[in-house]
Amino acid sequence: MTLCGGGCARGARVSTAPPTSTERAVRAAAAEWVRAAAERDGEAMGAYFAEDAFVMYPRPQPTVGRAANTAVWVTLFARPGALHPLTTDSVVVARSGDLAYVTGRWHLSAPAAGTQPATDVGAATWQCGAR
């Protein structure tokens with residue numbers, strides 16, 4: 001699942017400043033998201049979606065809303081052997097502190113007839129203080 005994409009321009013500078021409280025909070029939330037995926041807890045994963053979340057899973061239509069996105073994860077993890085390991089590779093927080101994005105990698109393995117495991121790099125946008 002790629003929630004949104006982005007990249008750094010060649011020569012972009014990376015901050016070496018200590019993490020802000022917002023960055024620490026986003027990293028903690030991302031760690032909980034990773035834990036929920038590792039534990040195959042679709043309800044916990046769904047709790048992180050905004051009420052108006054709009055996600056383009058590999059299906060014909062976007063999945064809109066917290067309840068619909070929670071159902072996707074609950075259904076996925078109900079499949080025997082379904083796995084979705086995640087990483088958090090970077091966290092970038094806007095100077096204003098009210099928006100951040102997380103990049104990482106994921107691997108999806110959901111055994112079913114005719115499906116193949118998928119691996120991708122994705123990004124998620126986090127609205128800080130919105131939860």
Side-chain angles (χ1 to χ4, degrees):
M1 159 178 81
T2 301
L3 298 178
C4 67
C8 294
R10 183 182 300 262
R13 294 185 352 197
V14 176
S15 173
T16 57
T20 64
S21 61
T22 300
E23 181 180 340
R24 287 190 301 273
V26 171
R27 284 186 182 280
E32 286 299 310
W33 170 262
V34 168
R35 180 203 53 77
E39 293 178 1
R40 300 169 33 104
D41 187 343
E43 292 287 341
M45 290 187 73
Y48 281 89
F49 287 89
E51 288 296 338
D52 60 350
F54 181 97
V55 181
M56 297 295 295
Y57 298 106
R59 48 181 62 205
Q61 299 295 320
T63 304
V64 180
R66 180 178 295 143
N69 281 285
T70 299
V72 166
W73 291 104
V74 168
T75 300
L76 171 72
F77 290 133
R79 293 165 76 174
L83 299 173
H84 190 61
L86 304 164
T87 65
T88 298
D89 297 335
S90 69
V91 174
V92 177
V93 179
R95 284 187 183 154
S96 63
D98 62 349
L99 189 68
Y101 69 87
V102 175
T103 61
R105 289 166 282 124
W106 59 265
H107 176 84
L108 176 62
S109 179
T115 63
Q116 294 293 318
T119 301
D120 204 350
V121 175
T125 303
W126 297 68
Q127 184 175 353
C128 304
R131 210 160 160 226

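Atoms considered below: every heavy atom in the structure, side chains included; atoms not considered: hydrogens, waters and symmetry mates.
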[X]: what forms a side chain to side chain contact (heavy atoms under 4.5 Å, CB included) with it, not counting sequence neighbours?
{"X": "Val92", "result": "Tyr101"}
{"X": "Val91", "result": "Glu23, Val26, Arg27, Thr88, Val93, Val102"}
{"X": "Ala25", "result": "none"}
{"X": "Thr75", "result": "none"}

Suppose we screen for side chain to side chain donor-acceptor pair (under 3.5 Å). Which residues come up paired with [X], at least two apart in sequence or across chains?
{"X": "Glu51", "answer": "Arg66"}
{"X": "Ser90", "answer": "Thr103"}
{"X": "Ser96", "answer": "Asp98"}

Check: Phe49 ring centre within less than 6.0 Å of Trp33 ring centre: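 Ring centres of Trp33 and Phe49 closer than 6.0 Å.
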Assess the residue pair Asp89 and Arg105 against the criterion (side-chain contact (heavy atoms from CB on, under 4.5 Å)); give the C-alpha distance rounded to whole Å, side-chain angles, the decisive distance to 0.1 Å, and a yes or no. CA-CA 7 Å; Asp89 297 335; Arg105 289 166 282 124; 3.0 Å; yes
Which residues pass the salt bridge (charged side-chain N to carboxylate O under 4.0 Å, His left out) test with Glu39, not counting sequence neighbours?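 Glu39 satisfies salt bridge (charged side-chain N to carboxylate O under 4.0 Å, His left out) with Arg35 only.
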Shortest non-hydrogen contact between Val64 and Asn69, atoms and distance: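 Here Val64 and Asn69 meet closest at C-ND2, 4.1 Å.
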Quick one: do Glu43 and Thr70 satisfy side-chain contact (heavy atoms from CB on, under 4.5 Å)? Show the steps, please. CA-CA 6 Å; Glu43 292 287 341; Thr70 299; 3.7 Å; yes
Within one Ile-Leu-Val-Met-Phe-Trp-Tyr cluster: Val34 and Trp73, side-chain cutoff 4.5 Å: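 Yes, one cluster joins them.
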Would a single hydrophobic cluster contain both Val74 and Met45, if residues Ile, Leu, Val, Met, Phe, Trp and Tyr are joined by side-chain heavy-atom contacts under 4.5 Å?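 Met45 and Val74: separate clusters.
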Measure from the side-chain N and O atoms of Arg40 to the backbone N and O of Phe77, and report whether any donor-acceptor pair falls under 3.5 Å.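 Yes.
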